[in-house]
There are 2 protein chains.
Amino acid sequence: MTDHTHSLHALKVSCSNCSLRELCLPLGLNRDEMAQLDAVIRQSRRLKRGEYLFRSGEGFRSLYAVRTGYFKTCVSSQDGREQVTGFHMSGELMGLDGISSNLHGCDAIALEDSEVCELPFNRMETLGRDIPSLQHHFFRLMSREIVRDQSVMLLLGNMKAEERLAAFLLNLSQRLSARGFAANDFILRMSREEIGSFLGLKLETVSRTLSKFQQQGWLVVDHKHIQLVKPEELKQLVAGCSQAQH
Amino acid sequence: MTDHTHSLHALKVSCSNCSLRELCLPLGLNRDEMAQLDAVIRQSRRLKRGEYLFRSGEGFRSLYAVRTGYFKTCVSSQDGREQVTGFHMSGELMGLDGISSNLHGCDAIALEDSEVCELPFNRMETLGRDIPSLQHHFFRLMSREIVRDQSVMLLLGNMKAEERLAAFLLNLSQRLSARGFAANDFILRMSREEIGSFLGLKLETVSRTLSKFQQQGWLVVDHKHIQLVKPEELKQLVAGCSQAQH
DNA sequence: GGGCTTGCTTGATACGCGTCAAAGCAGAAA
DNA sequence: TTTCTGCTTTGACGCGTATCAAGCAAGCCC
């Protein structure tokens, strides 16, 4: 491994499990383009658990891609209610909401010791003009975020507590398995309160619903350790209320 | 007026109130760039009330900008629950969620006789490489959509029925007044059920809450005609739960 | 170890909104 | 005009989740 630990190129090679695969692999860049990209990516930044990557209202300069670790993003109302807008694991991008106003629109907080790549947006934008596939990739990433937000709206607007939690667990399971981790045996990185905030529920409801799932034998809860015993049952629960496929 | 009624350029000149102002004005394009843009914009399309502009699952080719009229976009679950994800008036863009998968991710339906401009995405993307301010503008538009979605999440996740409806009415009021219409006297283009779907409420709750506001003398409801009598009271209601400004 | 903090679980109760039902009203069609 | 149809309003009631409160387990510092 070279000293280019901060480059996407190096990441692609060095870090097959926890890397920016989704961010860099589908591009199909040639060697020269890859070098250009490398030149723009800033050294990665490490954060301790609980540390803010950025705060709502701060000046926006860069997007951040999670290399390792786990983040939440959230918006706060004036009277202090907090809405978690997403949980982000390796390969996922944060900060897209800052482009519109040149100010970050949410807080990003590490849920465990983490590492991110900084992508200075201006330079990525410029680079996009020279590398069409890069430009297209950024449009796709932003669009994917919009699609994700729409499905969260469906969840918050239409689903009951059990459906929300089942959808949440299955989504987590699917993302973890896409990264090479076990799909049915994982550790929750966030508290019950943070799950509740994301799902529009109170922490007690999250706790009760997990207990209910456990009583039915669908999963085993041991604090933050979750084992999905009958994921099919959870899938059936969300089947009706999840977004229709066409 | 020329026969270029389909061009953004023409719109800019011809249609100061109901146009794509937000879409085209901030660009600061020169005459040549404007001509390039004109060449890409397709003839505008007219839709009758209730007609679909596109459907979830259809192939994605173009974005659509509302010239006149009014649209809703919505996603549906397999068992038929419908979540309205937004209402769109003149100058606003629809279809951004289709970029990620090359399939439209929601339905777009005209709520009254309407007219849209079709923007073929591939050609806009190509043009963006030659006109940096255009590229940047598209990034900003997509980011703005993400910011909007986040505030909807805050609404659906944290607010009570009264707060949701007040926030909805004030948002509508603000957007109308930005387009030169009266801020405190307007016609709702959508049904109670559609408002409810957007706000995560049932139509009866929407109706009851409107009645409650009327009883308190904050507004006058006459079917679809709304007059805000004391908008300050509504503002105070949402002040605490709206997103904090930094 | 003892005492503290923090996060989680569980129960009892309250309340907001959903559900069901009936009736009113306006616009479209005949 | 009359009838029909879709949308809205309003009331009564019930369910689901929030709220309040108590107790428990794990981790941490003294």
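Proteins come first, then strands; the chains are lettered A, B, ... in the order of their sequence lines, and each starts at number 1. These numbers come from the heavy atoms of this one structure, side chains and all, not from hydrogens, waters or symmetry mates.
Remark: A/Arg192 engages no residue in a salt bridge (Lys or Arg N to Asp or Glu O under 4.0 Å) (not counting sequence neighbours). Judged as a salt bridge (Lys or Arg N to Asp or Glu O under 4.0 Å), and not counting sequence neighbours, A/Glu193 has no contacts. Every residue was checked against the side chain to side chain donor-acceptor pair (under 3.5 Å) condition with B/Gln150, not counting sequence neighbours, and none meets it. In terms of the ring pair (Phe, Tyr, Trp, His ring centres under 6.0 Å) criterion, residue partners of A/Phe60 (sequence neighbours excluded) are, by chain and number, A/His104, A/Phe121. Under the salt bridge (Lys or Arg N to Asp or Glu O under 4.0 Å) criterion, B/Arg45 pairs with no residue, sequence neighbours left out. Every residue meeting the side chain to side chain donor-acceptor pair (under 3.5 Å) condition with A/His88, not counting sequence neighbours, appears here in chain and number order: A/Thr73.
The closest side-chain heavy-atom distance from B/Asp149 to A/Glu145 is not below 4.5 Å. Here the side chains of A/Ser44 and A/Val116 are not in contact, with every heavy-atom distance at 4.5 Å or above.
Checked against a 6.0 Å centroid threshold, the rings of B/Phe87 and B/Phe71 do not count as neighbours.
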Handout entry: Per-nucleotide protein contact string for nucleotides 5-10 of chain C, where B marks a base within reach and S marks sugar-phosphate only (heavy atoms under 4.0 Å, - for neither)
Key = ---SBB
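Look at B/Glu163 and A/Arg81 and you find a salt bridge, because one of the NZ, NE, NH1 or NH2 atoms lies within 4.0 Å of a carboxylate O, short of that distance.
For residues 225-243 of chain B, every residue pair satisfying the side chain to side chain donor-acceptor pair (under 3.5 Å) rule, not counting sequence neighbours, is listed here: B/Asp185-B/His225.
Using a 4.0 Å heavy-atom criterion, one finds that B/Gly200 contacts the sugar-phosphate atoms exclusively.
Note that the first and last nucleotides of DNA chain D, 5' to 3', having any atom under 4.0 angstrom from a heavy atom of chain B are D/dT8 to D/dA12.
Defining each end axis of the helix from C/dG1-D/dC30 to C/dA30-D/dT1 as the rotation carrying four pairs' C1' atoms onto the next four, with five pairs an end, the two axes are found to diverge by 30° to 10 degrees.
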What pairs of donor and acceptor atoms, side-chain ones from residues 199-217 of chain A against any protein atom, are under 3.5 angstrom apart with sequence neighbours left out?
from	atom 1	to	atom 2	distance (Å)
A/Thr209	OG1	A/Thr205	O	2.6
A/Ser211	OG	A/Ser207	O	3.1
A/Lys212	NZ	A/Glu162	OE2	3.3
A/Gln214	OE1	A/Val221	N	2.8

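Residues from residues 153-164 of chain A placing a heavy atom under 4.0 Å of any atom in DNA chain D, listed by number, are A/Lys160, A/Ala161.
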